[in-house]
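Just so it is clear, the values below take in all heavy atoms, side chains as well, and ignore hydrogens, waters and symmetry mates. Quantities reported herein were computed from a predicted structural model and do not represent experimental measurements. So you know, we letter chains A, B, ... as the sequences are listed, proteins then strands, and number each from 1.
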There are 2 protein chains.
Amino acid sequence: MSLATISPLIASGFHALSEPLRLQILDLLRSKELCVCDLCEALGVSQSKLSFHLKVLKEARLLRSRQEGRWMYYSIDLPQFVILEQYLGEFRRFSPIVPARSCDD
Amino acid sequence: MSLATISPLIASGFHALSEPLRLQILDLLRSKELCVCDLCEALGVSQSKLSFHLKVLKEARLLRSRQEGRWMYYSIDLPQFVILEQYLGEFRRFSPIVPARSCDD
DNA sequence: TTGATACATCAATTAAACTTGTTTAGTCAA
DNA sequence: TTGACTAAACAAGTTTAATTGATGTATCAA
């Protein structure tokens, strides 16, 4: 993967991950999918607020949604996590072994 | 690593990574350290603007700086990249194999 | 000491993100 | 149908982040 051509999805992915509440949402969804009302209750935030952040996560392709009756279930959309993980991993390939210079820190 | 207790550094790390210009800066620094004027010239942005973004990256511990005479050299600070990479990797451990459900996409 | 260079910081403005309350649309049971 | 419920969409207002231009500090060479 060339880092010179940075996909807009990369930046928006990291942006989606930059909010504490959104990280909490992802944490809750790690093991199982949940509907919005479950998340609302678990996080103690308003539905409207949650809806905004779920939209950010979904547009960054970190979440997918599935409707079942009147409930909307959200779950982790793994591929984009892998892409972001690999993006960060690229930095290891070109940098000296950790820690770089320990002599004069 | 428990995801329930989210370090502020995690969120600020992802925040620092959420800006296209900051990603470009990191890209330029992947293979070698550079001084601010090198980055200024390579990116075609004002020194003041660059200084602001370098500070964001440094506060997120993605960059380190080293002064040599009147030049300030910036370079990748790898450990935090590894931490963020591992944070993303945790999501793979609990989710089904990629791709999750390929039947009805 | 003077002037030039390299960079950081500040204050003011602009832009983007987030919050909150309300409205709209879809689902389901009675 | 009606009414209760769930979630998305919308439209404020508020907060936070980014940009710009000017100023400040340190280094170095003349």
Colleague: Under 4.5 Å between side-chain heavy atoms, hopping through other hydrophobics if needed: is there a path connecting A:Y73 to A:V56?
Modeller: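 Cluster IDs for A:Y73 and A:V56 differ.
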Colleague: Is the shortest side-chain N to carboxylate O distance from A:R92 to A:E90 below 4.0 Å?
Modeller: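 Result for this pair is no, no salt bridge flagged.
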Colleague: Looking only at side-chain N and O atoms, does B:R70 come under 4.0 Å of OP1 or OP2 in D:dT25?
Modeller: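 So the side chain of B:R70 is outside the cut-off, no N or O lying under 4.0 Å from OP1 or OP2 of D:dT25.
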Colleague: Which listed nucleotide (D:dA7, D:dA18, D:dT19) is nearest to the side chain of B:H15?
Modeller: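 So the side chain of B:H15 is nearest to D:dA18.
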Colleague: If I take atom CD in residue B:Q47 and atom P in nucleotide D:dA22, what distance separates them, rounded to the nearest angstrom?
Modeller: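 It works out to 14 Å between those atoms.
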Colleague: Answer yes if B:Y87 and A:I83 sit in the same cluster of Ile, Leu, Val, Met, Phe, Trp and Tyr residues linked by side chain heavy atoms under 4.5 Å apart, and no otherwise.
Modeller: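 The answer is yes; both residues are in one hydrophobic cluster.
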Colleague: Take the C1' atoms of the five end pairs on each side of the helix from C:dT1-D:dA30 to C:dA30-D:dT1, derive the two axes, and give their angle rounded to 10 degrees.
Modeller: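 Result, rounded to 10 degrees: 20°.
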Colleague: Between C1' on D:dA18 and CG on B:L57, what's the gap in Å once rounded to a whole number?
Modeller: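 So the two atoms are 14 Å apart, to the nearest Å.
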Colleague: Which sits closer to the 5' end of DNA chain D, B:R22 or A:S65, going by the nucleotide each is nearest to?
Modeller: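 Mapping each residue to its closest nucleotide by heavy atoms, the 5'-most match is A:S65.
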Colleague: Report the distance from atom CG of A:L34 to atom P of D:dA7, rounded to the nearest whole Å.
Modeller: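 It is 11 Å, rounded to the nearest whole Å.
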Colleague: To the nearest Å, give me how far apart CG (A:D38) and P (D:dC5) are.
Modeller: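 After rounding, the reported distance stands at 17 Å.
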Colleague: Check whether any side-chain N or O of A:R22 sits under 3.5 Å from a backbone N or O of A:A16 as a donor-acceptor pair, and report yes or no.
Modeller: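 A pair under 3.5 Å: yes.
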Colleague: Please compare A:V56 and B:V36 by the position of their nearest nucleotide in DNA chain C and report the one closer to 5'.
Modeller: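 It is B:V36, whose closest nucleotide lies nearer the 5' terminus.
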Colleague: Nearest whole Å is fine: how far is D:dT27 P from B:Y73 OH?
Modeller: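 The answer, rounded to whole Å, is 15 Å.
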Colleague: Quick check for you: name the first and last nucleotides of DNA chain C, 5' to 3', having an atom under 4.0 Å from a heavy atom of chain A.
Modeller: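 Nucleotide range with atoms under 4.0 Å of chain A: C:dA17 to C:dC28.
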Colleague: Quick check: closest heavy atoms across B:K49 and B:L21, and the distance to 0.1 Å?
Modeller: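 Scanning both residues completely, I find the closest heavy atoms to be CE-CD2, 4.0 Å.
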Colleague: Between A:L50 (CG) and D:dA8 (P), how many Å, whole number?
Modeller: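 Going from CG in A:L50 over to P in D:dA8 covers 9 Å.
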Colleague: Report yes or no: is there a donor-acceptor pair, N or O only, under 3.5 Å between the side chain of B:E19 and the base of D:dA17?
Modeller: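 No pair found.
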Colleague: Nearest-Å distance, CZ (A:F52) to C1' (D:dC10)?
Modeller: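 Result: 13 Å.
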Colleague: Report the residue (B:K55 or A:L21) whose heavy-atom-nearest nucleotide on DNA chain C is the more 5′ of the two.
Modeller: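 Its nucleotide being nearer the 5' end, the pick is B:K55.
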Colleague: Do B:I10 and A:L28 land in one hydrophobic cluster if side-chain heavy atoms of ILVMFWY residues count as linked below 4.5 Å?
Modeller: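 In one cluster: yes.
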Colleague: Does the side chain of A:V45 come within less than 4.5 Å of A:L39's, by heavy atoms?
Modeller: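 The answer is no, as the side chains (C-beta and beyond) never meet within the 4.5 Å cut-off.
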Colleague: Looking at the side chain of A:S48, which of D:dA22, D:dA7, D:dA9 is the nearest nucleotide?
Modeller: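 Taking heavy atoms from C-beta onward, the closest nucleotide is D:dA9.
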Colleague: Mind checking whether B:W71 and B:Y74 sit in one hydrophobic cluster, side chains of I, L, V, M, F, W, Y counted as touching below 4.5 Å?
Modeller: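 In one cluster: no.
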Colleague: Donor-acceptor check, side chain of B:S18 to backbone of B:H15, threshold 3.5 angstrom: yes or no?
Modeller: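 Yes, the answer is positive, given that a donor and an acceptor are paired below the 3.5 Å cut-off.
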Colleague: Going by an N to O cut-off under 4.0 Å, is there a salt bridge joining A:E59 and A:R61?
Modeller: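 Salt bridge absent between A:E59 and A:R61.
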Colleague: What is the separation between atom NE2 on B:H53 and atom C1' on D:dT19, rounded to the nearest whole Å?
Modeller: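 Answer to the nearest Å: 8 Å.
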